[in-house]
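Below is one structure, written out as structure tokens, with a few remarks after it.
Computed from a prediction, not measured in an experiment: that's the story for all the values here. In listed order, ligands and their atoms are each counted from 1. For the numbers below, each heavy atom of this structure counts, side chains included, while hydrogens, waters and symmetry mates do not. In this chain, residues are counted from 1 in sequence order.
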Amino acid sequence: DRRPIIAIDGPAGAGKSTVARSVAKQLGLFYLDTGAMYRALTWFVLEAGVDLRDEPAVAELAHQCEIDFQTDTAIPVVLVNGQDVTQAIRTPEVTAHVSTIAAQAAVREALVKQQQSYGRRGGIVVDGRDIGTHVFPDAEVKIYLTASIQERARRRQLDLKSMGQPAANLADLEQAIFERDRKDSTRTISPLRKASDAIEIQSDAMSVADVLNTIVSLYQEKT
Ligand code: C5P
């Protein structure tokens with residue numbers, strides 16, 4: 001018997017992690033950021049100087065890359081083999097390469113297994129691209145969170161600014177988001193898709209609090 005699972009999927013920059021974190025806090029659930037796991041492995045591969053397209057070498061690194069989360073802080077800390085990579089996994093370089101890593105079969109197999117073991121007992125909010133379709137297909141609440149590409153680029157620009165990263169122009173951000181969504185939704189294995197039983201939330205005109213309240217109400221209806 002497991003506790004409920006809330007799955008939040010959607011394209012890049014839709015605000016999934018901000019929303020997932022606040023939903024988890026409000027409902028007293030654990031939060032798992034699966035994108036951070038793909039980013040952590042991408043960072044590890046770049047650090048190792050291995051060609052990102054060398055699938056056997058990347059698979060080998062996936063097994064040497066131990067990813068942990070510390071969630072007792074406001075922004076969850078991500079560790080790779082004990083090293084704090086919270087900031088390092090958010091650089092434009094990691095962001096530009098993560099979809100190449102995330103498309104590989106051995107990578108997804110290794111990371112999905114870890115995600116499923118985190119969620120085995122439920123009581124968790126999980127965000128990503130394939131959570132409702134593949135990782136937790138029996139999640140009690142499935143959300144597909146979207147926003148227009150212009151709005152997502154605008155939000156990403158604010159995020160980068162608040163993290164003290166170099167200023168990026170909106171057109172470049174839109175292009176990068178477009179390209180990442182294209183790769184994530186056209187890959188062979190578990191592409192980005194709205195699960196048939198997911199509820200879509202288009203958040204252009206919504207605040208984080210609006211989205212939070214919508215998801216919390218859905219959760220309360222279902223449990
Ligand atoms: O959510 P975030 O933007 O941090 O995800 C980074 C990348 O990780 C995505 O662009 C995608 O390539 C990959 N990802 C994935 N499956 C997930 C979560 C993220 O393929 N469940």
Side-chain angles (χ1 to χ4, degrees), residues 5-21 23-24 31-46 52-53 55 58 62 65 67 69 75-78 80 85-119 124-137 139 142-147 149 152-153 155-157 159-160 163 165 168 173-195 198 203:
I5 294 177
I6 301 179
I8 304 179
D9 290 303
K16 297 184 298 295
S17 57
T18 305
V19 163
R21 198 160 61 227
V23 169
Y31 165 49
L32 179 63
D33 178 352
T34 64
M37 299 174 73
Y38 292 95
R39 288 172 177 276
L41 177 58
T42 303
W43 172 85
F44 194 62
V45 173
L46 290 168
L52 292 133
R53 291 154 306 177
E55 297 201 15
V58 171
C65 177
I67 303 166
F69 293 95
I75 303 274
V77 168
V78 186
V80 168
V85 296
T86 313
Q87 311 272 334
I89 65 170
R90 306 281 163 198
T91 61
E93 195 195 5
V94 168
T95 303
H97 292 110
V98 62
S99 298
T100 303
I101 294 291
Q104 298 177 18
V107 166
R108 301 205 72 82
E109 205 175 297
L111 296 189
V112 167
K113 207 196 261 173
Q114 286 180 37
Q115 293 157 14
Q116 289 172 335
S117 79
Y118 272 114
I124 192 169
V125 182
V126 190
D127 76 346
R129 301 292 184 289
D130 61 340
I131 308 308
T133 53
H134 181 67
V135 182
F136 295 114
K142 293 186 189 180
I143 304 295
Y144 192 79
L145 184 62
T146 66
I149 196 156
R152 291 186 281 132
R155 292 178 190 169
R156 182 68 60 167
Q157 194 178 44
D159 279 357
L160 289 168
M163 290 187 298
Q165 305 237 359
L173 288 171
E174 275 185 32
Q175 182 56 35
I177 288 172
F178 178 85
E179 194 47 35
R180 196 143 63 93
D181 288 347
R182 190 189 62 74
K183 288 184 185 148
D184 290 341
S185 54
T186 58
R187 70 179 177 225
T188 320
I189 309 163
S190 320
L192 168 66
R193 287 267 186 288
K194 175 184 170 298
S203 68

**Prompt:** Taking C-beta and beyond as the side chain, do Ile67 and Leu111 meet within less than 4.5 Å on heavy atoms?
**Reply:**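 Answer yes - side chains close enough.
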**Asked** Does the side chain of Ile8 reach to within under 4.5 Å of the side chain of Ile131, using non-hydrogen atoms?
**Response**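 The answer is no; the side chains never approach within 4.5 Å.
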Considering heavy atoms of the protein only, find what lies nearest to [atom] and give residue, atom and distance to 0.1 Å.
| atom | value |
| --- | --- |
| atom 18 (C) of ligand 1 | Thr34 OG1, 3.3 Å |
| atom 14 (N) of ligand 1 | Tyr38 CD1, 3.6 Å |
| atom 6 (C) of ligand 1 | Arg180 NH1, 3.4 Å |

**Item:** Proximal atoms of ligand 1 relative to Ala102 (non-hydrogen, under 4.0 Å)
**Value:** 12 (O), 13 (C), 20 (O)
**Request:** Output the list of atoms in ligand 1 that are nearer than 4.0 Å to some heavy atom of Asp130, sorted by atom number.
**Result:**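 What qualifies from ligand 1 is 16 (N), 17 (C), 21 (N).
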What part of [X] sits under 4.0 Å from ligand 1 if we count only heavy atoms: the side chain, the backbone, both or neither?
| X | answer |
| --- | --- |
| Arg129 | both |
| Arg187 | side chain |
| Lys183 | neither |
| Ala12 | neither |
| Met37 | neither |

**Prompt:** If only atom types and distance count, is the side chain of Asp181 paired as donor or acceptor with the main-chain N or O of Ala12 below 3.5 Å?
**Reply:** yes
**Asked** Taking the side chain from Lys183 and the backbone from Ser99, do they hold a donor-acceptor pair closer than 3.5 Å?
**Response**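 No.
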**Asked** If you measure only the distance, is there a donor-acceptor pair under 3.5 Å linking the side chains of Arg156 and Thr95?
**Response** no
**Fill in**
In terms of heavy-atom contacts, Lys194 and Thr133 come closest through C-CG2, 4.4 Å
**Message:** If you count heavy atoms of other groups shown closer than 6.0 angstrom to CD of Gln87, is the number above 12?
**Reply:**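 Counting other residues, nucleotides and ligands, CD of Gln87 stays at 12 neighbours or fewer.
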**Asked** Based purely on interatomic distance, does Arg39 place a nitrogen or oxygen under 3.5 Å from a nitrogen or oxygen of ligand 1?
**Response**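 By distance alone, the answer is yes.
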**Message:** Does any N or O of ligand 1 fall below 3.5 Å from an N or O anywhere on Arg108, backbone included?
**Reply:** yes
**Message:** Any salt bridge linking Asp130 with Arg108? Criterion: basic side-chain nitrogen under 4.0 Å from a carboxylate oxygen.
**Reply:** yes
**Request:** Tell me which one of Asp184, Ile189, Val135 gets a heavy atom nearest to atom 10 (O) of ligand 1.
**Result:**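 Shortest heavy-atom distance from atom 10 (O) of ligand 1: Asp184.
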**Message:** Please evaluate residues Ile101 and Trp43 with respect to the criterion side-chain contact (heavy atoms from CB on, under 4.5 Å), reporting the C-alpha separation (whole Å), side-chain torsions for both, the decisive distance (0.1 Å), and the verdict.
**Reply:** CA-CA 10 Å; Ile101 294 291; Trp43 172 85; over 6 Å; no
